[in-house]
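Report on one structure; see the data block that follows.
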Amino acid sequence: MTKQNTPIRSICVYCGSQPGRDAAHIQAGRTLGKSIADHGLRLVYGGGTRGIMGAVASGVLAAGGEVTGIIPEFLMDKEATRHSLGQLNELVVTVDMHERKHTMFERSDAFVALPGGIGTLEEIVEIMTWAQLGRHRKPMVFGNINSFWNPMLELLQHMRDQGFVHTAHLVQPLVIERAEDIVPAILDSAAAIGREGETEIISKL
Ligand code: AMP
């Protein structure tokens with residue numbers, strides 16, 4: 001597939017550094033990776049070579065796509081992944097986690113959370129926080145493979161119901177059940193945001 005006329009050039013994927021217990025999650029990682037490559041987009045991710053992270057990256061690379069890994073120095077040493085990281089098209093080594101998360105944010109046009117653990121949760125929540133504060137309007141997706149994120153989605157609804165989510169219209173992550181539907185949903189969402197932007201401009205004229 002060729003590059004489309006879209007503001008989306010790169011997609012950041014947050015996901016488990018572990019494989020998890022449900023084989024569907026690794027499969028979803030590979031499928032999403034292939035889909036990113038097939039749409040001519042770049043993967044931005046945390047640079048890990050194991051678990052779901054490894055599956056997404058290898059899915060992109062196997063389909064001939066481009067991968068940027070962004071990893072803090074201390075994780076490279078801990079994981080001894082220097083060799084495998086050599087397969088990535090681009091590797092950005094950051095001083096610490098703060099710089100890493102900021103670089104991932106700046107380098108990405110959309111964000112996806114696949115199943116993962118505390119690190120994944122922290123990353124997608126931070127992106128939602130920045131959306132809530134009006135710092136960006138980049139699409140955000142929960143890849144809800146086998147309903148993995150349902151407890152999180154219930155918590156978010158509970159927070160809304162209890163009146164704790166301010167500017168709720170700015171925090172509307174997409175919830176997508178199948179890995180192959182994630183990239184098309186992001187492209188549709190970005191197009192809709194673009195059209196809204198045009199409407200805003202027209203109404204100000
Ligand atoms: P977790 O869900 O706790 O496994 O954390 C996964 C998220 O944290 C990923 O999106 C990464 O950005 C980061 N992360 C955790 N472990 C690693 C690792 N070994 N290598 C690179 N990034 C990691």
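We count ligands from 1, going down the list as the structure has it; atoms in each ligand are counted the same way. Sequence positions, counted from 1, serve as the residue numbers for this chain. All values below come from the heavy atoms of this structure, side chains included, with hydrogens, waters and symmetry mates left out.
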Between the side chains of [X] and [Y], is a donor N or O closer than 3.5 angstrom to an acceptor N or O?
| X | Y | value |
| --- | --- | --- |
| Arg30 | Gln27 | no |
| Glu99 | Thr103 | no |
| His158 | Glu154 | no |
| Thr68 | Arg42 | yes |

What atoms of ligand 1 come closer than 4.0 angstrom to any heavy atom of [X]?
| X | result |
| --- | --- |
| Cys15 | 6 (C), 7 (C), 9 (C), 10 (O) |
| Gly46 | 12 (O), 21 (C), 22 (N) |
| Gly48 | 20 (N), 21 (C) |
| Gly16 | 2 (O), 4 (O) |

Tell me whether [X] has any N or O atom under 3.5 angstrom from an N or O of ligand 1.
| X | result |
| --- | --- |
| Gly119 | yes |
| Gly117 | yes |
| Glu123 | yes |
| Tyr14 | no |

### Parallel, tilted or perpendicular, as decided by the 30° and 60° cut-offs, for the rings of Phe111 and His136
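Judged by the thresholds at 30° and 60°, the geometry between His136 and Phe111 is perpendicular.
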### Query
Side chain, backbone, both or neither: which part of Met53 comes within less than 4.0 Å of ligand 1 when only heavy atoms are counted?
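For Met53, only side-chain atoms sit under 4.0 Å from ligand 1.
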### Query
Side chain, backbone, both or neither: which part of Thr120 has a heavy atom under 4.0 Å from ligand 1?
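The part of Thr120 near ligand 1 is both the backbone and the side chain.
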### Query
Counting only heavy atoms not in Lys34, do more than 12 fall under 6.0 Å of its NZ?
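No - once you tally the heavy atoms of other residues, nucleotides and ligands closer than 6.0 Å, there are 12 at most.
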### Message
I want to confirm something. Looking only at heavy atoms, which of Met104, Gln18, Arg100 is nearest to atom 22 (N) of ligand 1?
### Response
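Selected option, by shortest heavy-atom distance: Arg100.
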### Task
Check step by step if side-chain contact (heavy atoms from CB on, under 4.5 Å) holds for Val112 and Ile186.
CA-CA 9 Å; Val112 178; Ile186 287 172; 3.7 Å; yes
### Query
Would you say Tyr14 and Glu122 make side-chain contact, with heavy atoms under 4.5 Å?
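Answer no - side chains too far apart.
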